[in-house]
Amino acid sequence: MATILTCYYRPKPGGLCTRLFRAMRALLARGHTVHYLALAPFPIDHPRCFFHRFPWPVRHGDTLLFWALFHLIAPPMLLGIALRQKVTHAFGFSPTYTAIMQPLLRLLSIPVVCFLNGDLVFGHQFRQRAPWLIGLDKIVEGIGVHGLGLVGVAPHLLDRLVKRHSHFSPAFTSVLPNDLPIQAIFLRRKMQRPIQLSLVGTLDAIKNQAFAVALISSFDEGDFHLSIFGTGLEYQRLSNLVAELKIEKRVTFRGWVPADRIWPQVDLLLMPSFSEGLPNAVLEAIAAGVPVLASDIPAHRWFLPIEQLLPLDDPERWRQMLNGILNASQEKLSDLAQRQWDAAAHLRFDWDERITETILQGQFR
């Protein structure tokens, strides 16, 4: 059995940690041992799962000082863990973490795999962050993929990252998408008025929730109600926009809610993102039989029917689609749900087995 090492700064809600914890549980279920370096323990209780604490207060884990010290101190800590525990394999979710694992590969010949779920550099560029920060992130990203196995959730993410670096290159690349359950769990909610729309995910400018809020304001009260599930930096801006448009009665901020409590109360998911990796919220909606209207971007084109993809520069198209759904029958919505389930057939596979195989493949230097 293998001894595997990973690292992530702290447990938090969201799709990335959901996948990281699932990968760790998959390894443990198959008899392997997992060690991890973090600020706080993960919600995994298993006799072969071992927490190694990074010496820093959890409440200060998002500062620039923390990240500077983390990149200096974590590499020797990971080396020490690897030597003491006789680690055979390592993996990280994003180049931020596999960059600090480079000494494991270079000094101990431990194979490292980087799982790419999103594009941090693109996100910083979109938010117009300082050029020095974008440049630094590019360097860390290049180091974090050079000579390692690079596995992306979707082809467009891999293509974008590889094209960005001429001096750094991974040992190999492959795609391991987020998965759908083998069988649908269609909830078959009986649609009522007002129709219940939702936005689900981190409240972030790149997810473009403001577009959907503005869209709702163009309809009469009683047509739709919009529930916004999630937390994030955009909360205050979205709250101000709702007040400015005077639609407080039609929009509810629900905070972070477990997925199994979201979908039984939703008729339609709106996903107007500017960029995505492979969004868990959309996969959850598909599995639950909730129709999705999404932005026409590469991530969504890979697994959603073309008729449910809409351009972000044409809000009138979105209004027309929503108006059609307002007047649609229950059978019409069920048909949309079935078509998107069929279109995503390539995402139904044994993800736990695939990620275990990917992490445990042999030396690739």
[X] [atom1] to [Y] [atom2] distance, which is reported to the nearest 0.5 Å:
{"X": "T98", "Y": "L105", "atom1": "OG1", "atom2": "CG", "answer": "10.5 Å"}
{"X": "I297", "Y": "L310", "atom1": "CD1", "atom2": "CG", "answer": "12.0 Å"}
{"X": "I44", "Y": "L20", "atom1": "CD1", "atom2": "CG", "answer": "7.0 Å"}
{"X": "T6", "Y": "H89", "atom1": "OG1", "atom2": "NE2", "answer": "13.5 Å"}
{"X": "D179", "Y": "D350", "atom1": "CG", "atom2": "CG", "answer": "8.5 Å"}
{"X": "N280", "Y": "R19", "atom1": "CG", "atom2": "CZ", "answer": "5.0 Å"}

So which heavy atom on [X] is nearest to which on [Y], and how close?
{"X": "L39", "Y": "G61", "result": "CD1-CA, 3.9 Å"}
{"X": "S295", "Y": "P272", "result": "OG-C, 3.7 Å"}
{"X": "R237", "Y": "A210", "result": "NH2-CB, 3.8 Å"}
{"X": "S275", "Y": "R160", "result": "OG-NH1, 3.7 Å"}
{"X": "P103", "Y": "P75", "result": "CG-CB, 4.2 Å"}
{"X": "G147", "Y": "A171", "result": "O-CB, 3.5 Å"}

Would you say [Y] ends up clustered with [X] if hydrophobic residues are merged whenever their side chains have heavy atoms under 4.5 Å apart, either directly or through other cluster members?
{"X": "L104", "Y": "Y9", "answer": "yes"}
{"X": "M24", "Y": "F51", "answer": "yes"}
{"X": "L120", "Y": "L157", "answer": "no"}
{"X": "L269", "Y": "I306", "answer": "yes"}
{"X": "W351", "Y": "F91", "answer": "yes"}

Under-4.0 Å salt bridge between K12 and D62: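 Looking at D62 together with K12, the answer is no, because their closest N to O distance does not fall below 4.0 Å.
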R164 with E141: basic N within carboxylate O range, under 4.0 Å: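 The answer is yes: the pair qualifies as a salt bridge.
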Derivation and outcome, ring-ring contact (aromatic ring centres under 6.0 Å, His included), residues F274 and F126: CA-CA 9 Å; F274 289 110; F126 176 85; 5.0 Å; yes
Can you confirm whether more than 12 heavy atoms, excluding those of [X], are under 6.0 Å from its [atom1] atom?
{"X": "R59", "atom1": "CZ", "answer": "no"}
{"X": "N327", "atom1": "CG", "answer": "yes"}
{"X": "E316", "atom1": "CD", "answer": "yes"}
{"X": "L83", "atom1": "CG", "answer": "yes"}
{"X": "L65", "atom1": "CG", "answer": "yes"}

Test log, rule side chain to side chain contact (heavy atoms under 4.5 Å, CB included), inputs T231 and T202: CA-CA 5 Å; T231 59; T202 304; over 6 Å; no
Short side-chain to backbone donor-acceptor contact, [X] and [Y], under 3.5 Å:
{"X": "Q85", "Y": "T3", "value": "no"}
{"X": "R48", "Y": "L28", "value": "yes"}
{"X": "R250", "Y": "L226", "value": "no"}
{"X": "H71", "Y": "W67", "value": "yes"}
{"X": "H32", "Y": "L27", "value": "no"}
{"X": "Q209", "Y": "A205", "value": "no"}
{"X": "N117", "Y": "L16", "value": "no"}
{"X": "R30", "Y": "A26", "value": "yes"}

Are [X] and [Y] close enough that some pair of their side-chain heavy atoms sits under 4.5 Å apart?
{"X": "R84", "Y": "I81", "value": "yes"}
{"X": "F115", "Y": "L150", "value": "no"}
{"X": "F229", "Y": "Q265", "value": "yes"}
{"X": "D119", "Y": "L161", "value": "no"}
{"X": "V175", "Y": "V151", "value": "no"}
{"X": "L293", "Y": "L322", "value": "yes"}
{"X": "I100", "Y": "L78", "value": "yes"}
{"X": "V200", "Y": "V282", "value": "no"}

side-chain hydrogen bond (donor to acceptor under 3.5 Å, both in side chains) between H225 and T252, worked out: CA-CA 8 Å; H225 187 87; T252 304; 2.7 Å; yes
Residue pair Y36, F42: steps toward the ring-ring contact (aromatic ring centres under 6.0 Å, His included) verdict: CA-CA 9 Å; Y36 65 96; F42 295 166; 4.1 Å; yes
Do [Y] and [X] have ring centroids that are under 6.0 Å from one another?
{"X": "F253", "Y": "Y235", "result": "yes"}
{"X": "Y8", "Y": "F93", "result": "no"}
{"X": "F50", "Y": "H35", "result": "yes"}

Whether the [X] and [Y] side chains hold a donor-acceptor pair (N or O, under 3.5 Å, no angle test) is what I'd like checked.
{"X": "E353", "Y": "T356", "answer": "no"}
{"X": "Q308", "Y": "Q340", "answer": "yes"}
{"X": "E244", "Y": "N240", "answer": "no"}

Ring pair (Phe, Tyr, Trp, His ring centres under 6.0 Å) contacts in which one or both residues fall within residues 276-318, not counting sequence neighbours: F211-W318, W302-H346
Derivation and outcome, side chain to side chain contact (heavy atoms under 4.5 Å, CB included), residues H167 and H146: CA-CA 9 Å; H167 301 294; H146 187 60; over 6 Å; no
Cation-pi geometry met for R354 and F349 (6.0 Å, 45°): yes
Lys/Arg cation over aromatic W56: R10, 6.0 Å, 45° cone: no
Verdict with reasoning, K207 to E234, per salt bridge (charged side-chain N to carboxylate O under 4.0 Å, His left out): CA-CA 10 Å; K207 289 189 176 291; E234 279 287 283; over 6 Å; no
Full working for side chain to side chain contact (heavy atoms under 4.5 Å, CB included) between I325 and D267: CA-CA 10 Å; I325 287 169; D267 294 311; over 6 Å; no
Atom pairs and distances, side-chain donor-acceptor, residues 215-223, under 3.5 Å, sequence neighbours left out:
unit_1, atom_1, unit_2, atom_2, d
S217, OG, A214, O, 2.5
S218, OG, L215, O, 2.7
D223, OD2, D220, N, 3.3

